[in-house]
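Structure first, then comments.
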Amino acid sequence: MIYKIKELSKKFGDNHVLKDINLEINENEKIVILGPSGSGKSTFLRCLNALEEPTKGSVLYHDIELNKNSILKIQGKIGMVFQSFQLFENLTVIENITLSPILNKLMSKKEAYKKARTYLRQIHLLDKANVYPSKLSGGQKQRVAIIRTLMMNPEVILFDEPTSALDPEMIEEVLALIMEVSSKKITMVVVTHELKFAYAFATRVIFMDKGRIIEDGKKEEIFEKPKTERLRQFLSNMK
């Protein structure tokens with residue numbers, strides 16, 4: 001077991017975003033989190049990476065309670081891919097990719113550049129190694145962001161709606177890379193509205209609404225035999 005979430009609640013002022021969530025996540029699981037906007041999906045994901053601290057309850061990562069202090073002990077083990085890419089505009093593509101492993105002394109500059117070029121070749125962006133992010137399409141930026149995360153050899157990768165900022169024709173190339181990464185021994189948690197991708201990718205699906213987990217099960221159960229009217233309604237609306 002990688003994560004144990006106990007009685008997790010999160011408030012922003014009077015807005016109760018997460019409500020008493022209890023959950024376990026195991027090694028190498030490929031989890032998709034579904035739910036309407038405002039259901040707490042992104043906040044939950046940020047709690048898994050200590051970007052948000054719980055108002056109540058705890059998030060344990062290998063029995064270490066995550067907070068601003070303990071996150072330093074597991075530096076690089078939990079990667080996160082955001083909606084908005086978050087590349088440094090003043091650095092080239094290869095500098096963006098190699099910055100963290102070099103700064104964290106995980107590898108030398110020579111080793112990092114060699115590994116980065118290998119990844120860029122795999123995603124057909126080697127010719128973009130020395131250009132700046134402003135010269136890339138949205139789909140290219142997101143693929144670079146995913147490769148940047150992989151450079152840290154993470155145990156877990158969290159994806160917060162990785163295709164929501166992309167034009168429709170760019171979505172497939174990013175989802176294809178995520179599918180490729182899913183073959184690795186990495187625990188992956190993806191917040192998405194792409195149902196076709198979710199069914200192909202997930203070993204487990206979690207449905208959230210109004211800050212709570214409404215259903216949690218194998219993808220066949222969630223998509224083909226939903227237990228609640230709320231999930232049936234959501235799936236119908238999405239289709």
query = Which pairs pass salt bridge (charged side-chain N to carboxylate O under 4.0 Å, His left out) with one or both residues in residues 19-46, sequence neighbours excluded?
reply = K4-E24, D20-K56, E29-R204, R46-E52
Checking the side chain of [X] only, and the main-chain atoms of [Y] only, is there a donor and an acceptor separated by less than 3.5 Å?
X: T149; Y: A145; value: yes
X: E221; Y: K218; value: yes
X: T92; Y: N130; value: no
X: S236; Y: Q233; value: no
X: N96; Y: L91; value: yes
X: S70; Y: N67; value: yes
X: K219; Y: Y199; value: yes
X: H193; Y: T163; value: no

request  = Start with the C-alpha distance between F223 and L231, add both sets of side-chain angles, then the distance that settles side-chain contact (heavy atoms from CB on, under 4.5 Å), and finish with yes or no.
outcome  = CA-CA 9 Å; F223 286 111; L231 176 54; over 6 Å; no
Check against side-chain contact (heavy atoms from CB on, under 4.5 Å), F12 and T43 = CA-CA 10 Å; F12 296 101; T43 300; 4.0 Å; yes
Return the minimal non-hydrogen interatomic distance between [X] and [Y], and the atom names on each side.
X: P154; Y: I186; answer: O-CG1, 4.0 Å
X: F88; Y: P133; answer: O-CG, 3.5 Å
X: V190; Y: P162; answer: CG1-CD, 4.3 Å
X: I171; Y: L166; answer: CG1-CB, 4.1 Å
X: T192; Y: L34; answer: O-CD2, 3.3 Å
X: V131; Y: L136; answer: CG2-CD2, 4.0 Å

ask   = If you measure only the distance, is there a donor-acceptor pair under 3.5 Å linking the side chains of D160 and S42?
value = yes
task = Could you tell me whether the side chains of N15 and K10 share a donor-acceptor contact shorter than 3.5 Å?
result = no
ask   = Just wondering, more than 12 heavy atoms not from D63 lying within 6.0 Å of its CG?
value = no
request  = Count the heavy atoms belonging to other residues, nucleotides or ligands that lie under 6.0 Å from NZ of K77, then report whether that count exceeds 12.
outcome  = no
key: Audit row: K128, Q140, side-chain contact (heavy atoms from CB on, under 4.5 Å) steps and yes/no   = CA-CA 9 Å; K128 304 293 186 183; Q140 290 171 333; 4.0 Å; yes
Heavy-atom distance under 4.5 Å between the side chains of [X] and [Y], does that happen here?
X: I146; Y: V174; value: yes
X: K210; Y: H16; value: no
X: V156; Y: Y3; value: yes
X: I123; Y: E180; value: no
X: F207; Y: I33; value: no
X: R143; Y: L125; value: yes
X: I5; Y: L60; value: no
X: R230; Y: E215; value: no

[atom1]-[atom2] distance between [X] and [Y], expressed to the nearest 0.5 angstrom:
X: D127; Y: L120; atom1: CG; atom2: CG; value: 9.0 Å
X: K114; Y: S108; atom1: NZ; atom2: OG; value: 10.0 Å
X: R117; Y: I97; atom1: CZ; atom2: CD1; value: 10.5 Å
X: S100; Y: M107; atom1: OG; atom2: CE; value: 10.5 Å
X: I31; Y: I25; atom1: CD1; atom2: CD1; value: 4.5 Å
X: L23; Y: I206; atom1: CG; atom2: CD1; value: 4.5 Å

task = In plain terms, say whether E229 and R232 are close enough for a salt bridge, that is, a side-chain N and a carboxylate O under 4.0 Å apart.
result = yes
request  = List the steps and the verdict of side-chain contact (heavy atoms from CB on, under 4.5 Å) for L8 and F44.
outcome  = CA-CA 9 Å; L8 173 64; F44 175 63; 3.7 Å; yes
inquiry  = As a test of understanding, state which of R212, M208, E7 forms a side chain to side chain contact (heavy atoms under 4.5 Å, CB included) with I21.
reply    = M208
Starting from [Y], can I reach [X] by hopping between I/L/V/M/F/W/Y residues whose side chains sit under 4.5 Å apart?
X: V205; Y: I2; answer: no
X: F85; Y: Y119; answer: yes
X: V59; Y: Y61; answer: yes
X: I214; Y: V32; answer: yes
X: I147; Y: L106; answer: no

task = Carefully, step by step, assess E95 and Y132 under the rule side-chain hydrogen bond (donor to acceptor under 3.5 Å, both in side chains).
result = CA-CA 9 Å; E95 288 169 342; Y132 291 91; 5.2 Å; no
note = Apart from I94 itself, its cluster of hydrophobic side chains linked below 4.5 Å comprises I102, Y113
